[in-house]
Amino acid sequence: MPESRIAVVGATGAVGAVTLRLLRERGYENVRAFASARSAGTTLDGGLRVEEATPEALAAGDIDLALFSVGTSASRELVPHAVRGGAVAVDKSAAYRLEPGVPLVVPEVNAARALEHDGIVANPNCCTIPLTCVLKPLHDAAGLVRVRVSTYQSVSGAGAQRMEQLRFEPQDQHNLAMDWTWDGDETDEESKIRAEAQKILELPELPISATTVRVPVLVGHAEAVWVELEEPISAEQATAVLGAAPSVQVVDVPTPGDAAKTDQVLVGRIRPDRAAENGLALFLACDNLVKGAALNAIQIAELLLDRARVAA
Ligand SMILES: NC(=O)c1ccc[n+]([C@@H]2O[C@H](COP(=O)([O-])OP(=O)(O)OC[C@H]3O[C@@H](n4cnc5c(N)ncnc54)[C@H](OP(=O)(O)O)[C@@H]3O)[C@@H](O)[C@H]2O)c1
């Protein structure tokens, strides 16, 4: 079977740049870079020339797999053209995540769902991915009853321009922010974490309450998590369960700095929650551009490519 033809759409962005790096590191060579008319014609660090992501270019029939990181409205407009041209699209925006029939996949949690696609597989939010990597093994071990989470999200979660702004912002102006769109009395990030985690874990009634906070850190999201479980589970047992979970690494104190550029979800501070029966408190950190976005999408793509190879 010839090597798959891969398009990275949004290649000039924060996630797109990491996607191209990871594809290079994994040995993929048949890769094209797409972005808007603004950066079409420029040449990227790795030497790729950026093409304009027009509907015609995406539908031309010469792309097998399209990895999109262009934002929700551009994804709504462009993804269907790539699918029309015969590509499978892995989309990292919120455009399709909650659509019935579109798989929303974290390979460590629900890999089999990826194969049920009808042209589009959605990649979850950058906080939902590490959260579900940790919740799934705890659910399997002791049954989730309730989840509360508070996030500490880096500015790279808001894109490359926000990273530049933080680099040039005087330190005495650094602050916390809740810079998402409001969805009633929650941020849309908070409601996304709840709805996406319920869909991925296939626990539609699981109560999840989130508070999302932007912090003046360049890369790496952290989350304080409180879970209530059906069965009692000690901190030692939970540590053993999480230590054996795929893509999870138990450390003493997870920080965004330690998580940056790693593939793992770092988990630590695992202890009883003194405010709940059968409760656990823990802290996690993850590179939002790697496992929180680009790597998770490439892992999904590899599930699809493996199936194509078996079928060929
Ligand atoms: N950052 C994260 O941690 C993270 C994590 C998970 C998911 N995501 C999602 O990934 C997407 C991109 O995020 P990002 O942080 O990489 O944003 P970003 O740094 O702002 O990059 C956006 C990219 O999309 C391109 N683009 C924008 N509008 C376009 C259009 N109409 N047609 C073609 N290309 C277009 C831009 O190209 P130009 O250079 O031409 O403007 C750029 O390459 C968003 O949907 C975001 O929600 C981000």
Side-chain angles (χ1 to χ4, degrees), residues 7-22 32-45 48-58 66-82 89-98 104-106 120-132 151-167 179-181 187-189 192-193 196 212 214-215 217-223 256 259-261 285-300:
V8 176
V9 191
T12 53
V15 176
V18 175
T19 306
L20 288 172
R21 171 173 67 79
L22 294 179
R32 289 161 68 191
F34 290 89
S36 79
R38 285 182 292 275
S39 44
T42 57
T43 301
L44 300 174
D45 276 353
L48 279 180
R49 200 176 146 277
V50 179
E51 302 174 53
E52 184 179 348
T54 61
E56 298 71 32
L58 295 174
L67 299 169
F68 278 86
S69 52
V70 292
T72 298
S73 62
S75 274
R76 281 210 181 97
E77 186 200 326
L78 294 174
V79 166
H81 294 291
V90 180
D91 183 49
K92 301 191 200 84
S93 80
Y96 302 99
R97 289 176 189 157
L98 299 178
L104 179 65
V105 176
V106 179
I120 304 173
V121 182
N123 193 74
N125 172 282
C126 41
C127 280
T128 314
I129 291 170
L131 181 64
T132 53
T151 70
Y152 308 75
Q153 296 180 229
S154 62
V155 296
S156 57
Q161 278 187 349
R162 287 289 298 280
M163 294 173 77
E164 282 309 288
Q165 278 171 15
L166 182 65
R167 283 194 180 102
D179 53 2
W180 293 275
T181 303
T187 67
D188 65 344
E189 191 82 348
K192 275 182 206 166
I193 290 173
E196 293 180 21
T212 55
R214 184 85 60 202
V215 297
V217 167
L218 271 177
V219 176
H221 289 359
E223 304 176 36
K261 293 211 169 161
C286 170
D287 188 323
N288 52 294
L289 300 175
V290 180
K291 181 57 185 162
L295 175 61
N296 195 75
I298 291 172
Q299 289 173 319
I300 293 171

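We number each residue from 1, following the sequence as shown. Order of appearance sets the numbers: ligands from 1, and atoms from 1 within every ligand. Computed from a predicted structure; not experimentally measured.
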Self-check item: Proximity flag N125 to ligand 1, non-hydrogen atoms under 4.0 Å
Solution: no
Quiz item: Where the closest heavy atom to atom 35 (C) of ligand 1 is concerned, which of D91, V70, T12 has it?
Solution: V70
Quiz item: Evaluating non-hydrogen atoms only, which member of G71, C126, A160 is closest to atom 19 (O) of ligand 1?
Solution: A160
Quiz prompt | Subset of ligand 1 atoms that lie under 4.0 Å from at least one heavy atom of K92 | solution = 7 (C), 8 (N), 9 (C)
Practice problem: Would you mind listing which atoms of ligand 1 come within a distance below 4.0 Å of any non-hydrogen atom of A293? | Solution: 5 (C), 6 (C)
Quiz prompt | Between CG on residue L78 and OG1 on residue T54, distance to nearest 0.5 Å | solution = 8.5 Å
Quiz item: Just going by heavy-atom distances, which of S156, S69, S93, S75 is nearest to atom 1 (N) of ligand 1?
Solution: S156
Quiz item: Relative to the heavy atoms of A74, which atoms of ligand 1 are at a distance of less than 4.0 Å?
Solution: 29 (C), 30 (C), 31 (N)
Practice problem: Could you pull out, from G10, G159, S36, the option with a heavy atom nearest to atom 20 (O) of ligand 1? | Solution: G159
Quiz item: Hey, which atoms in ligand 1 end up nearer than 4.0 Å to a heavy atom of L289?
Solution: 1 (N), 2 (C), 3 (O)
Exercise. Check each atom of ligand 1 against the heavy atoms of G292 and keep those under 4.0 Å away; list them by number with element.
Key: 5 (C), 6 (C)
Exercise. Report the part of V9 in contact with ligand 1, treating N, CA, C, O as backbone and CB onward as side chain, heavy atoms under 4.0 Å; options are side chain, backbone, both, neither.
Key: neither
